[in-house]
Visitor: 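One structure follows; several queries about it will come next.
Quick caveat: nothing in here was measured; it's all calculated off a predicted structure.
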Amino acid sequence: MSRTSAQSPVDAQPIDQSPAEPSLSRGLKQRHLSMIALGGVIGAGLFVGSGTAIAAAGPSIILAYAISGALVMLVMRMLGEMAAAYPASGSFSVHAERGIGPWAGFTAGWSFWFLLCVAVGLEGIGAAGIVHGWLPGVPEWALVALFMLLFTGTNLAAVKNFGEFEFWFATLKVGAIVLFLVIGVLAILGVLPDVSAPGMDNLTGHGGFMPNGTEGLIVGLLASVFAYGGLETVTIAAAESEHPVQGVAKAVRTAMWRIALFYVGSMAVVVVLLPWTAKEIPTKGPYVATLDYLGIPGAGQIMNVVVLIALLSAMNANIYGASRMASSLVARGMGPKAIGKVTGGVPRVAVLVSAVFGFVCVLLSYWRPDDVFAWLLNTIGAIILVVWFFIAISQLVLRRKLEREAPEKLVVKMWAYPYLTVLALVAMVAVFVLMAREHDTRVQLYYTGGLTVVLAIVGYVRQKAAESRAAAADA
């Protein structure tokens, strides 16, 4: 019996043998990584989408964001442990391949690439809508095209250009959210002129802390889970940094307080200052509604600028992340070779393919908004949860191998292993069950599940074919 047939691919591969990765440059500095991690948790979903969640959950949105934030902390700790041990542009896809098998790396990688490309289109549409309000004479499709050209250009150039854009985008987003928190806390304390301290009235009045019961909390919880997407990019970018192990370790360790401060803290400020029943929260967005209440002049336009920056930042980061994931997959023999060509340390073909796919999604939003585009939106609905699931399973397997074969690589350790990893898996299953209970999210679950199954089947068939070829060669 050959070695290939006697052992699984995972067990047969030594811990220090890494799957093939593209030869990328090391142009990102620690300040880039730190701000990518910091800005990655501040997206348009926080500034605008959280309004609907507040309208459903009431003051208990604080609890919803705290619960989902705890889950994200666990996922990022797991991912940080693996990324510090094996820095790779394929990130969790490489870890899934190493820990579970090539079919898992294929499934996690291509599903995430699909998610990022569709997200690029959505963010382009949102950014164009804001600018179109200022420049009504310019058609929205032209603005999307302009944004796509801009960020495709920055990603085609040296990676340090991407890093610089993200550094300043993140700096502006962080500055905006910190200023909001400072103003909000001063208002809660009654320090601001013409604003009386609200006390606990808005938390306990208007139906209480959980006015819509557990159903409202569940809606808020589901909305908050998907608002946290974006942190994964830092582990992809770490592979192109000057000191990948130290960089990703530092970024992951400091991600914890950022989640608590930016998400949970800002939700607390909103629901303490405003009644959750305020109609302005879901229509204007919680941040604009709060600033208007405090009498901040030009609050709406200020937040429009901040949201625009968040959308453009996400476009830039998602083109980057999609191109690196595609390049990594191709380098590992999981995609068309033409996409994986690296020139000057940049996977330029992968950048172009990812950007073009994103722009096609924008065109579909105009041509087929009710069927094809709606299908795309539903398909990406739960992909981030699927990715998190692969991360947790991979960490369970790889941690044992690391402790046995290369304990010195455990620079970042998952807390209370394996208990918190198992708890995170149980929480993910619970979120899947909750999604199945709600009609809108149930549809997303079906479509995402269909895409995942198709990719898993293709990946498994490819894996078995590769094993058969290897077995024949050994024989």
Visitor: Drop me the distance from I188's CD1 to M200's CE, to the nearest 0.5 angstrom.
Guide: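 So the gap between those two atoms works out to 10.0 Å.
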Visitor: Return yes if some donor-acceptor pair links the side-chain N/O of T154 with the main-chain N/O of F151 below 3.5 Å, else return no.
Guide: yes
Visitor: Relative to each other, are the rings of W113 and W110 parallel, tilted or perpendicular (30° and 60° limits)?
Guide: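 Perpendicular: the ring planes of W113 and W110 meet at over 60°.
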Visitor: Treating T441 as the side-chain partner and M435 as the backbone partner, does any N or O pair qualify as donor plus acceptor under 3.5 Å?
Guide: yes
Visitor: Nearest 0.5 angstrom please: S89 OG to Y320 OH, how far?
Guide: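 Separation between the atoms: 7.5 Å.
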Visitor: Check E403 with R399, please: is the shortest side-chain N to carboxylate O separation under 4.0 Å?
Guide: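 Counted as a salt bridge, because a side-chain N and a carboxylate O are separated by less than 4.0 Å.
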Visitor: Could you check L116, V118, L115 and say which one makes a side chain to side chain contact (heavy atoms under 4.5 Å, CB included) with N318?
Guide: L116
Visitor: Got a donor-acceptor contact below 3.5 angstrom from the T448 side chain to the T379 backbone?
Guide: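 Indeed, once roles are kept as given, a pair shorter than 3.5 Å links the two residues.
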Visitor: Looking only at the aromatic ring of each residue, does the gap between the centers of F92 and F112 stay below 6.0 angstrom?
Guide: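 Distance test on ring centres: under 6.0 Å, yes.
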Visitor: Could you pull out the closest heavy-atom pair between N316 and N155, with the gap in Å?
Guide: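 Result for this residue pair: OD1-ND2, 3.2 Å.
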Visitor: Going by atom types alone, do S323 and S354 pair a side-chain donor with an acceptor below 3.5 Å?
Guide: no
Visitor: Per the side chain to side chain contact (heavy atoms under 4.5 Å, CB included) rule, which among I61, L63, I67, T214 passes with L221?
Guide: I67
Visitor: Scan N202, L203, D201 and name whichever one has a side chain to side chain contact (heavy atoms under 4.5 Å, CB included) with P275.
Guide: N202
Visitor: With sequence neighbours excluded, what pairs up with A424 under the side chain to side chain contact (heavy atoms under 4.5 Å, CB included) test?
Guide: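 Testing A424 for side chain to side chain contact (heavy atoms under 4.5 Å, CB included), a comparison that skips the adjacent residues, returns L71, L74, M78, M428.
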Visitor: Of all the heavy-atom pairs spanning A350 and A326, show the shortest one and how long it is.
Guide: CB-CB, 4.3 Å
Visitor: Would E97 and W103 count as having a side-chain donor-acceptor pair, cut-off 3.5 Å?
Guide: no
Visitor: Could you tell me if the side chain of S50 sits less than 4.5 Å from the side chain of S266, heavy atoms only?
Guide: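 Of all side-chain heavy-atom pairs linking S50 with S266, none is under 4.5 Å.
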Visitor: Got more than 12 heavy atoms from elsewhere within 6.0 Å of CZ, R368?
Guide: no
Visitor: With rounding to the nearest 0.5 Å, note down the distance linking CG in L79 to CD1 in I391.
Guide: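 Atom-to-atom, L79:CG and I391:CD1 are 4.5 Å apart.
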Visitor: What's the separation between atom CG in L445 and atom CZ in R437, rounded to the nearest 0.5 Å?
Guide: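 The CZ atom of R437 is 13.5 Å from CG of L445, to the nearest 0.5 Å.
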Visitor: Could you tell me which non-hydrogen atom of A88 sits nearest to which non-hydrogen atom of V94, and how far apart they are?
Guide: CB-CG2, 3.9 Å
Visitor: Do Y86 and E81 pair up side chain to side chain, a donor and an acceptor below 3.5 Å, judged on atom types alone?
Guide: no
Visitor: Considering only heavy atoms from C-beta outward, does the side chain of N212 approach that of L217 to under 4.5 Å?
Guide: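 Contact flag for N212/L217 side chains = no.
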Visitor: Is any side-chain heavy atom of E280 closer than 4.5 Å to one of L274?
Guide: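 Contact flag for L274/E280 side chains = no.
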Visitor: Would you name the heavy atoms of R77 and K413 that are closest together and state the gap between them?
Guide: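 The answer is NE-O, 2.8 Å.
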Visitor: Any side-chain heavy-atom pair from V131 and F147 closer than 4.5 angstrom?
Guide: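 They are in side-chain contact.
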Visitor: Are F180 and Y287 close enough that their ring centres sit under 6.0 Å apart?
Guide: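 Ring centroids of F180 and Y287 are less than 6.0 Å from each other.
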Visitor: CG of L150 to CG of L312: how many Å apart, nearest 0.5 Å?
Guide: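 So the gap between those two atoms works out to 8.0 Å.
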Visitor: More than 12 heavy atoms of other residues, nucleotides or ligands under 6.0 Å from CH2 of W367: is that the case?
Guide: no
